[in-house]
Amino acid sequence: MLPFPVTGQELVLVGVIAVLWVVLGLATPAFLSSGSIVPLLVATAPIALIGIGVTVVIISGGIDVSVGSIVLVCAAVAATAMTASGLPLVPVLLLSVAVGGLLGLVNGVLVAYGRVHAIIITFGTLNIFRFVGLQVFGGSTIDGIPPVLAVFGRGEAGRTLGVPHSFLLVAVVAALAWVALRHTAGGRHYYAIGGDAQAARLAGIAVRPRVLIAYVLTGLLTGLAACFVIAQGTSTLAPNVGLGLELSAIAAVVIGGTSITGGRGSVLGTVLGALLVQTVASGIIQLGWPSQLSSLFIGVFIIVAVGVDLLRQRRRRSA
């Protein structure tokens, strides 16, 4: 079922984010300064970008919990290439995206043609990809990373008119994905597959190739997100890069209104969900509260979002 251009849950998310920003602005006036908003948007960008790909996967009835490990591999390869070979910006981006696409292809082939549930496949590749990434690190950090990716960072080079380039790129990708999902036959096929894969197959939709494309797309976007993650840090990259990003991305998707059972969702909701997730994390840090509270609040948001989705489905069945 295609959602309305702007759903009620997305409007609620806008309201919740606005209230949070006002409350945090009153509690810590520095929160609404550019010194806080810019880092918040920069930190939101990789979560939202990965979330866009995961949204397509979940709409089609699958899931991908390996994206954090894909970030690890792509970041390690990109950082190593920059330090060892001195690659400039565009080749680094292409390299990271290509590696992410390759790993996404592995997931896609196994899920689409392996006849095993996606959670099992991607949980397995999560550990395999993490092993590969740690081998690239070689048991230590990658030091001396040149500022090639500063255009996506928090500094002056990373923004135009005060807006981070990384977040602007996320907005462009989200707009393209929104149009593709709503206004192209291929995009609408994902809703059909997530609603009933067997019925979609009988209707002539190539289910397996579509599923394969969804995982490759997620890998490509995760490869780009890995460059955003590198740009957020210093000249040193630690082996724990990407750890927990899969949970943040899936949380953003679910909070944004995408049904975990497939067949319904929106990339606009995912971007808003990512912004909410990062607002909570940043707000807790600025308030000086224990960082563990971030997980608590996000967990509550996820349960509420899933509960609302289940109630909506039950109401639709009884109608």
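Here the structure is a predicted model, which is why all the values come from computation and not from measurement.
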Participant: If we ignore hydrogens and angles and just use 3.5 Å, is the side chain of Ser66 paired with the main-chain N or O of Ser69 as donor and acceptor?
Facilitator: no

Participant: When you measure from the side chain of Gln278 to the backbone N and O of Leu40, does any donor-acceptor pair fall under 3.5 Å?
Facilitator: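 Not confirmed, Gln278 side chain does not pair with Leu40 backbone.
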
Participant: Would Leu24 and Gln286 count as a side chain to side chain contact (heavy atoms under 4.5 Å, CB included) if you check the C-alpha gap in whole Å, the side-chain angles of each, and the deciding distance to 0.1 Å?
Facilitator: CA-CA 9 Å; Leu24 290 171; Gln286 293 212 17; over 6 Å; no

Participant: Taking Ile120 as the starting point, is it possible to reach Phe123 by hopping between hydrophobic residues whose side chains are less than 4.5 Å apart?
Facilitator: yes

Participant: Indicate the atoms forming the closest heavy-atom contact of Leu293 with Ile284, along with that distance.
Facilitator: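 Distance-wise, the nearest heavy atoms are C-CD1, 3.5 Å.
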
Participant: Decide whether Tyr191 and Leu176 are clustered together by the hydrophobic rule: side chain heavy atoms of Ile, Leu, Val, Met, Phe, Trp, Tyr closer than 4.5 Å, transitively.
Facilitator: no

Participant: Would one find more than 12 heavy atoms of other residues, nucleotides or ligands at under 6.0 Å from atom CZ of Phe131?
Facilitator: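 No.
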
Participant: Does the side chain of Val111 come within less than 4.5 Å of Val57's, by heavy atoms?
Facilitator: no

Participant: Restricting to non-hydrogen atoms, name the atom on Val148 and the atom on Pro88 that form the minimum distance, rounded to 0.1 Å.
Facilitator: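 Scanning both residues completely, I find the closest heavy atoms to be CG1-C, 3.6 Å.
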
Participant: Would you mind reporting whether Arg210 and Ser60 have side-chain heavy atoms less than 4.5 Å apart?
Facilitator: no

Participant: In sequence, state the C-alpha distance, the side-chain angles, and the governing distance for Ser259 and Thr261, and then conclude on side-chain hydrogen bond (donor to acceptor under 3.5 Å, both in side chains).
Facilitator: CA-CA 5 Å; Ser259 176; Thr261 58; 2.8 Å; yes

Participant: Taking all atoms of both residues into account, what is the closest heavy-atom pair of Leu32 and Trp21, and its distance?
Facilitator: CD2-O, 3.8 Å

Participant: At their closest point, which heavy atom of Ala79 faces which heavy atom of Leu237, and how far apart are they?
Facilitator: CB-CD2, 3.8 Å

Participant: Ala157 and His165: which non-hydrogen atoms are nearest, and at how many Å?
Facilitator: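 It is O-CE1, 3.2 Å.
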
Participant: Could you tell me how the ring of Trp289 sits relative to the ring of Phe297: parallel (under 30°), tilted (30 to 60°) or perpendicular (over 60°)?
Facilitator: tilted

Participant: Please report the interatomic distance CG(Asp196) to CZ(Arg201), rounded to the nearest 0.5 Å.
Facilitator: 9.5 Å

Participant: Is the backbone of Asp143 close enough, under 3.5 Å, to the side chain of Thr141 for a donor and an acceptor to pair up by distance?
Facilitator: no

Participant: Could you check whether any side-chain heavy atom of Val67 comes within less than 4.5 Å of a side-chain heavy atom of Leu245, counting everything from C-beta outward?
Facilitator: no

Participant: Would you say the side-chain atoms of Thr279 pair up with the backbone N or O of Leu275, donor to acceptor, closer than 3.5 Å?
Facilitator: yes

Participant: Examine distances only and state if a side-chain atom of Thr222 and a backbone atom of Gly100 form a donor-acceptor pair shorter than 3.5 Å.
Facilitator: no

Participant: Give, for atom OG1 of Thr270 and atom CD of Glu10, the distance between the pair rounded to the nearest 0.5 Å.
Facilitator: 8.5 Å

Participant: Grouping I, L, V, M, F, W and Y whenever their side-chain heavy atoms are under 4.5 Å apart, do Val54 and Leu247 come out in a common cluster?
Facilitator: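 Not linked; separate clusters.
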
Participant: Between Asn107 and Thr218, is the side chain to side chain contact (heavy atoms under 4.5 Å, CB included) condition met? List the steps.
Facilitator: CA-CA 10 Å; Asn107 280 336; Thr218 301; over 6 Å; no

Participant: Please tell me whether Val38 and Leu41 are part of a single hydrophobic cluster in this structure, the criterion being side-chain heavy atoms less than 4.5 Å apart.
Facilitator: no

Participant: Are Leu272 and Val14 close enough that some pair of their side-chain heavy atoms sits under 4.5 Å apart?
Facilitator: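 Heavy-atom side-chain distance check passes, below 4.5 Å.
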
Participant: At what distance, to the nearest 0.5 angstrom, does CD1 of Ile63 lie from OG1 of Thr122?
Facilitator: 6.5 Å

Participant: What's the separation between atom CG in Leu110 and atom CD1 in Ile121, rounded to the nearest 0.5 Å?
Facilitator: 5.0 Å

Participant: Would you say that Phe152 contacts Ile230 through its side chain, given a criterion of any heavy-atom pair below 4.5 Å between the two side chains?
Facilitator: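 In short, these two side chains do not touch, never coming nearer than 4.5 Å.
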
Participant: Taking all non-hydrogen atoms of both residues into account, name the closest pair between Arg159 and Arg154 and its distance.
Facilitator: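 Nearest pair, atom of Arg159 first, then Arg154: NH2-O, 2.7 Å.
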
Participant: Under the side chain to side chain contact (heavy atoms under 4.5 Å, CB included) criterion, do Val271 and Trp178 qualify, and how do the steps go?
Facilitator: CA-CA 11 Å; Val271 174; Trp178 185 87; over 6 Å; no

Participant: May I ask whether Val16 and Val23 are part of the same hydrophobic cluster, defined by side-chain heavy atoms of I, L, V, M, F, W, Y residues being less than 4.5 angstrom apart, directly or through others?
Facilitator: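 Unlinked, Val16 and Val23 end up in two clusters.
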
Participant: Kindly compute the distance separating CG (Leu94) from CG (Leu224), expressed to the nearest 0.5 Å.
Facilitator: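 Reported value, rounded in 0.5 Å steps: 10.0 Å.
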
Participant: Would you indicate whether the side-chain heavy atoms of Leu149 and Leu93 approach each other to under 4.5 Å?
Facilitator: yes

Participant: First locate atom CG of Leu220, then atom CG of Leu102, and finally report the distance between them rounded to the nearest 0.5 Å.
Facilitator: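 It comes to 10.0 Å.
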
Participant: Tell me, with the steps shown, if Phe31 and Leu20 meet side chain to side chain contact (heavy atoms under 4.5 Å, CB included).
Facilitator: CA-CA 11 Å; Phe31 178 82; Leu20 275 177; over 6 Å; no

Participant: Does the side chain of Leu221 reach to within under 4.5 Å of the side chain of Ile50, using non-hydrogen atoms?
Facilitator: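 Answer no - side chains too far apart.
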
Participant: How about Gln232 and Pro46: do any of their side-chain heavy atoms sit closer than 4.5 Å?
Facilitator: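 Side chain of Gln232 against side chain of Pro46, heavy atoms only: contact under 4.5 Å found.
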
Participant: Donor-acceptor pair, Thr83 side chain versus Thr80 backbone, under 3.5 Å?
Facilitator: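 Flag set: sc Thr83 to bb Thr80 pair under 3.5 Å.
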
